[in-house]
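Letters A, B, ... mirror the listed sequences (proteins, then strands); counts begin at 1.
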2 protein chains.
Amino acid sequence: MSSNGSRRRDITVADVAKAAQVSKAQAARALGNYGAVSQDVRERVLAAAEELDYRPNELARSMNTGKSHTIGVVVGDIENPHFGLATRGITDVAKKSGFHVILINTDEETAAEVEAVRVLLDKRVDGLIVAPASSVEIRHLQQVRESGRPLVLLDRKAGGLDVETFAVDTGDISYESTRYLLEAGHRRIAFVSTLKAAQPYNDGMELASSQISERVDGMLKAFEDHGLRHPAGLVRLNAGDAESIRKITRELLQGPDAATAIIASDGLIALSVVEGIQELGLSIPGDVSFLMYDDFAWTRLTTPPLTVIAQPVYEMGMAAANALIRQIEGRKAPTAAETLKARLVRRGSVGVPRAAETYNPPSSHQFTAS
Amino acid sequence: MSSNGSRRRDITVADVAKAAQVSKAQAARALGNYGAVSQDVRERVLAAAEELDYRPNELARSMNTGKSHTIGVVVGDIENPHFGLATRGITDVAKKSGFHVILINTDEETAAEVEAVRVLLDKRVDGLIVAPASSVEIRHLQQVRESGRPLVLLDRKAGGLDVETFAVDTGDISYESTRYLLEAGHRRIAFVSTLKAAQPYNDGMELASSQISERVDGMLKAFEDHGLRHPAGLVRLNAGDAESIRKITRELLQGPDAATAIIASDGLIALSVVEGIQELGLSIPGDVSFLMYDDFAWTRLTTPPLTVIAQPVYEMGMAAANALIRQIEGRKAPTAAETLKARLVRRGSVGVPRAAETYNPPSSHQFTAS
DNA sequence: TTGAAAGCGCTAACAG
DNA sequence: CTGTTAGCGCTTTCAA
């Protein structure tokens with residue numbers, strides 16, 4: 001009965017209305033679940049719709065209501081589990097609230113991000129969640145604000161932009177972690193990040209990522225408070241593909257001024273740094289200590305298991321989505337914003353540096369003190 | 001000049017037309033880049049658009065043209081790097097062709113998948129890429145086909161559905177891997193999968209996933225060709241969360257009939273299985289041999305590095321997206337479909353089983369023969 | 001080339 | 001409650 005075979009044209013409210021012998025308006029009301037419809041009419045319409053296998057055209061609906069029930073998400077790299085998890089947090093919350101998610105990848109290019117935001121706006125998404133590639137180039141985000149469309153920032157802050165932002169505060173944890181390494185006796189502590197920069201890092205340089213700049217600052221401050229100065233050349237940016245990361249690792253670990261500890265700025269970097277260390281035939285933590293951001297499951301499987309900075313990434317995604325949806329629905333912000341705190345998980349990859357052993361011999365090679 | 005301040009209403013073609021002193025139709029033609037427009041008009045319109053900061057309403061555009069330049073992607077679990085990578089392949093290709101991607105997660109629930117497909121269709125996506133949670137419950141996919149909307153399957157086949165499918169053929173590689181283990185002397189080879197099933201696995205049971213059923217079949221066939229019968233109780237399904245996987249691992253590895261080798265069906269399972277093994281204080285490959293599907297970077301960092309079945313996941317995503325876009329644009333299928341082949345990467349997690357050592361003492365503990 | 005006018009499928013006023 | 005009549009912003013006839 002309902003097999004329309006090669007019928008090309010979609011069934012519309014008009015068709016349903018005709019079949020149910022009511023006006024288009026009544027059919028639409030019954031179907032769209034708004035306005036006033038008698039029980040009788042509703043039943044006839046719904047039955048007809050069922051019979052005809054009617055499917056509403058959400059585009060037409062959105063055009064009228066102005067709502068698409070879709071939120072746009074812009075991230076740097078979906079392939080990075082950090083964003084994979086955050087995205088999962090977003091989609092889980094979105095689904096629960098009846099929102100759909102359009103995802104766009106930027107490869108951490110601001111140009112791609114500008115384009116992505118534009119496209120999403122053109123598609124009339126109800127709101128945007130953006131993990132800005134740069135904390136500085138934010139004109140396009142400013143414009144989103146001005147357009148009045150809800151916007152929430154994820155993972156990174158953007159200076160001078162008045163937007164709800166959900167980013168783990170890594171300044172404190174960077175400080176804490178660095179102190180931990182300093183107390184273990186490390187002085188040559190390296191930090192490796194993918195952050196793109198025109199020049200190699202030098203002291204006091206402006207970093208375009210709030211995350212990275214927080215981390216570097218935290219590290220420098222820890223040194224300072226320790227009465228020390230962070231040695232030059234140990235903050236390495238532009239750690240892009242696996243090959244370049246391994247190269248950086250080799251450079252960091254060879255020569256008389258080799259680093260005794262390396263901090264990897266994310267899980268993808270970590271993978272290549274550890275590979276690089278292994279390639280050099282060095283052992284962790286015997287020869288080099290190692291610390292990384294993000295607590296992925298695999299970090300517990302290496303020998304030794306890795307000491308990591310755990311970040312509530314999934315929660316961050318959830319919080320961002322919740323906030324955005326709240327904005328979309330015009331509800332007020334809760335009085336107390338949840339805080340997203342990172343945590344240092346001490347496992348086995350941090351030890352006492354070789355040089356320190358002579359004047360500060362530890363009972364065990366592994367460093368586990370406070 | 002162009003600061004409209006608190007202007008709420010969006011700029012439309014009508015506004016641009018007025019500003020450019022041409023008809024709405026002409027403005028639309030110039031803006032939409034179709035129809036015939038004189039050089040003069042085009043310039044005036046474009047200038048006016050620029051001046052007013054006009055942005056087309058893609059919804060309205062889509063409603064007329066029927067094309068949304070958007071493809072819908074439905075996967076079981078974005079958090080699983082397997083899909084993360086595949087999704088990356090899809091989005092990369094999509095972007096290059098000017099398509100956008102709407103992503104929906106199903107948690108491997110068919111009900112959620114049915115809903116996801118419906119939503120995407122309602123949103124009038126130009127085409128769909130689905131990684132079906134079940135190879136059996138495919139009515140909704142059948143309906144997509146019937147509706148005439150382009151559809152491509154990813155990662156898993158769906159029996160009896162005439163659809164272009166991009167899935168790595170894991171039957172052969174399963175056979176090969178099992179033979180590899182058999183030749184090393186293993187007889188009690190376990191296979192752990194997340195596949196949801198009402199009952200524990202028993203011989204000849206119908207599996208709802210083409211992937212898993214291929215893998216199990218390949219394994220059984222290898223045993224058969226070896227003149228053996230695969231022992232009962234070693235194919236374990238329903239390996240959901242980390243806890244249940246560790247429990248399964250413990251069960252598999254304890255008692256007189258313990259497995260001597262475990263094959264993990266994906267990277268997420270692998271993580272927990274290896275943890276489970278470590279918790280039992282067993283060593284790989286000394287006490288248990290281990291093999292897993294998917295070659296993630298971390299598998300090279302464990303001690304020993306893990307022997308894996310590498311799958312061209314990114315390529316799979318790319319191929320699926322290319323095929324879908326080709327269908328959408330109405331181009332013919334290429335004569336030769338690319339094949340997606342898995343590859344056994346022998347590293348250090350497969351050895352000779354304890355029992356076999358007595359009558360077949362290997363020179364080294366590690367098994368590396370062909 | 002151009003412009004007027006008629007839709008796309010739906011929601012939203014406005015009378016009954 | 002119900003139906004009629006306008007739109008939403010754009011594309012697409014169809015004449016001019």
Side-chain angles (χ1 to χ4, degrees), chain A residues 7-46 48-49 52-70 119 121-126 147 149, chain B residues 7-46 48-49 52-70 119 121-126 147 149:
Chain A
R7 186 96 125 66
R8 254 297 64 82
R9 208 179 59 69
D10 287 338
I11 305 291
T12 74
V13 247
D15 299 317
V16 176
K18 199 175 304 167
Q21 321 236 50
V22 295
S23 72
K24 213 179 66 168
Q26 278 310 81
R29 290 195 251 256
L31 259 12
N33 226 311
Y34 60 89
V37 187
S38 70
Q39 188 57 30
D40 174 49
V41 168
R42 160 163 293 116
E43 277 167 12
R44 290 213 321 271
V45 170
L46 261 30
L52 295 173
D53 195 29
Y54 165 79
R55 304 266 67 230
N57 183 328
E58 290 297 340
L59 291 182
R61 191 169 272 179
S62 295
M63 221 178 88
N64 284 289
T65 60
K67 328 246 82 229
S68 62
H69 266 268
T70 302
V119 161
L121 251 24
D122 290 355
K123 272 192 171 302
R124 299 299 192 265
V125 293
D126 293 344
S147 81
R149 247 200 206 62
Chain B
R7 187 97 123 68
R8 252 299 64 82
R9 209 178 59 70
D10 288 336
I11 305 291
T12 73
V13 249
D15 300 316
V16 177
K18 200 175 304 167
Q21 322 237 52
V22 295
S23 74
K24 212 178 64 169
Q26 279 310 82
R29 288 195 254 256
L31 260 10
N33 225 311
Y34 58 89
V37 186
S38 69
Q39 188 57 30
D40 173 51
V41 169
R42 159 162 296 116
E43 277 167 12
R44 293 217 313 277
V45 169
L46 263 27
L52 296 173
D53 195 28
Y54 166 80
R55 305 266 65 229
N57 183 328
E58 289 297 341
L59 289 182
R61 192 169 270 180
S62 295
M63 219 179 88
N64 284 290
T65 59
K67 328 247 83 233
S68 60
H69 266 268
T70 302
V119 162
L121 251 24
D122 290 355
K123 271 193 172 301
R124 300 299 192 266
V125 293
D126 293 345
S147 81
R149 246 199 205 62

- request: For the residue pair A/K123 and B/T70, confirm or rule out a side-chain donor-acceptor distance under 3.5 Å.
  value: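 Looking only at side-chain atoms, B/T70 and A/K123 do form a donor-acceptor pair, the distance falling under 3.5 Å.
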Just the rounded figure in Å: distance from [atom2] of [N] to [atom1] of [X].
X: B/R44; N: C/dG3; atom1: CZ; atom2: C1'; answer: 14 Å
X: B/R61; N: D/dG9; atom1: CZ; atom2: P; answer: 14 Å
X: A/N57; N: C/dG7; atom1: CG; atom2: P; answer: 18 Å
X: A/E58; N: C/dC8; atom1: CD; atom2: P; answer: 19 Å
X: B/M63; N: C/dG7; atom1: CE; atom2: P; answer: 13 Å
X: A/R55; N: C/dC10; atom1: CZ; atom2: P; answer: 11 Å
X: A/D122; N: D/dC8; atom1: CG; atom2: P; answer: 19 Å
X: A/Y34; N: D/dT2; atom1: OH; atom2: P; answer: 14 Å

message: Using OP1 and OP2 only, check whether a side-chain N or O of A/S23 sits under 4.0 Å from D/dG3.
response: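 Affirmative; the distance criterion is met.
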message: Quick check on DNA chain D: between B/V13 and A/R42, whose nearest nucleotide comes earlier from the 5' end?
response: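 Here A/R42 is the residue nearer the 5' end.
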- request: Between A/T65 and B/D40, name the one whose nearest nucleotide on DNA chain C is closer to the 5' end.
  value: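 Closest to the 5' end, via its nearest nucleotide, is B/D40.
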- request: Select from B/A36 and B/N64 the residue whose nearest nucleotide in DNA chain C is closer to the 5' end of that strand.
  value: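 In this pair, the answer is B/A36.
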Between [options], spot the one nearest the side chain of [X], thanks.
X: A/Q26; options: D/dT2, C/dC10, D/dG9; result: D/dT2
X: B/A25; options: D/dG3, C/dA4, D/dC10; result: C/dA4
X: B/S38; options: C/dT2, C/dT11, D/dC1; result: C/dT2
X: A/V41; options: C/dC10, D/dT2, C/dT11; result: D/dT2

Could you tell me whether a side-chain N or O of [X] sits under 3.5 Å from a main-chain N or O of [Y], the two making a donor and an acceptor?
X: A/R42; Y: A/A30; value: no
X: A/R55; Y: A/D10; value: no
X: A/R124; Y: A/S68; value: no

field: Approximate separation, where rounding is to 0.5 Å, of A/L46 CG and A/L31 CG
entry: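 It comes to 6.5 Å.
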message: For D/dG3, does the base pair up with any side-chain atom of A/R29 as donor and acceptor (N or O, under 3.5 Å, distance only)?
response: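 Checked by distance alone, the answer is yes.
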